[in-house]
Amino acid sequence: MTTQFFCPYLDSEVELTEERELHIVDTHPDLLPSYQERIAKTLADPDEVRCDLRFGNTLLFSQQSGKGRKSRYVVVAVVNDTVPRERYWIVTAYLTKNVTQGEIIWQKN
């Protein structure tokens, strides 16, 4: 089963496959229990979007969560495949203290 999230930045639906969902649940339990809500909010209203320098077809959407010392960023990594058809899909999502990976290509004012 695939879950879809709309991303205004991409003007497209972004897929979260069952296999990738299990990866997130197993590998990044700090996003639980509301990981789907956090993914949806980050894709709908990111603070910034970065291009992953290691994987050129991957965008990193991030949104700050919390304030002060407890502040973290939710990062959602979205792959853009073009073959056999154009498709956006989530490879992973995680929490981090600082977003340092990738080159900033868009920031919220």
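Predicted, not measured: the structure shown is a model, and the values here were computed from it. We use all heavy atoms of the structure for the numbers below, so side chains are in, but hydrogens, waters and symmetry mates are not.
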With clusters defined by side-chain heavy atoms of hydrophobic residues (ILVMFWY) lying less than 4.5 Å apart, directly or transitively, does Val25 cluster with Val91? no
Taking the side chain from Gln64 and the backbone from Ser71, do they hold a donor-acceptor pair closer than 3.5 Å? no
Step-by-step side chain to side chain contact (heavy atoms under 4.5 Å, CB included) determination, Thr92 to Thr27: CA-CA 9 Å; Thr92 194; Thr27 314; over 6 Å; no
Flag if over 12 foreign heavy atoms under 6.0 Å of OH, Tyr35: yes
If every non-hydrogen atom of Ser12 is compared with every non-hydrogen atom of Tyr88, which pair is closest and at what distance? OG-CD1, 3.4 Å
Kindly work out whether a path of hydrophobic side-chain contacts (I/L/V/M/F/W/Y, heavy atoms less than 4.5 Å apart) joins Val74 to Trp106. yes
Taking every non-hydrogen atom, the tightest pair across Glu21 and Leu16: N-CD1, 3.8 Å
One should read off an interatomic distance between Arg69 CZ and Lys97 NZ, to the nearest 0.5 angstrom, of 7.5 Å
Are Leu95 and Phe5 co-members of a hydrophobic cluster defined by side-chain heavy atoms under 4.5 Å apart? yes
Answer yes if Val76 and Leu10 sit in the same cluster of Ile, Leu, Val, Met, Phe, Trp and Tyr residues linked by side chain heavy atoms under 4.5 Å apart, and no otherwise. yes
Determine the minimum heavy-atom distance between Gln101 and Tyr94, stating which atoms define it. OE1-OH, 4.3 Å
Under a 3.5 Å distance rule, please check whether Arg50 uses its side chain to pair with a backbone N or O of Val99 as donor and acceptor. yes
Testing the basics here: between Arg20 and Ile90, what is the closest heavy-atom pair and its distance to 0.1 Å? CG-O, 3.2 Å
Straight-line distance of Arg72 CZ to Arg38 CZ, nearest 0.5 Å: 10.5 Å
If hydrophobic clusters are built from ILVMFWY residues whose side chains come within less than 4.5 Å, do Val75 and Phe55 share one? no
Closest non-hydrogen atom pair, Gln63 against Asp45: NE2-O, 2.9 Å
Rounded to the nearest 0.5 angstrom, the SG-CG distance for Cys51 and Leu60 is 8.0 Å
Under 6.0 Å from the NZ atom of Lys70, do we count more than 12 heavy atoms belonging to anything else shown? no
So how far is it from Phe61 CZ to Thr42 OG1, rounded to the nearest 0.5 Å? 10.0 Å
Please report the shortest heavy-atom distance between Val14 and Cys7, naming the atom on each side. CG2-CB, 3.9 Å
Please report the interatomic distance OH(Tyr73) to CG(Asn98), rounded to the nearest 0.5 Å. 7.0 Å
For side chain to side chain contact (heavy atoms under 4.5 Å, CB included), just list the numbers for Gln4 and Glu15, CA-CA rounded to whole Å, side-chain angles, deciding distance to a tenth of an Å, and then say yes or no. CA-CA 5 Å; Gln4 301 277 336; Glu15 299 174 17; 3.5 Å; yes
Test applied, side chain to side chain contact (heavy atoms under 4.5 Å, CB included); reference residue, Leu59; option that passes from Asn80, Asp52, Val49: Val49
Distance col, row Asn57:CG vs Thr82:OG1, nearest 0.5 angstrom, shows 8.0 Å
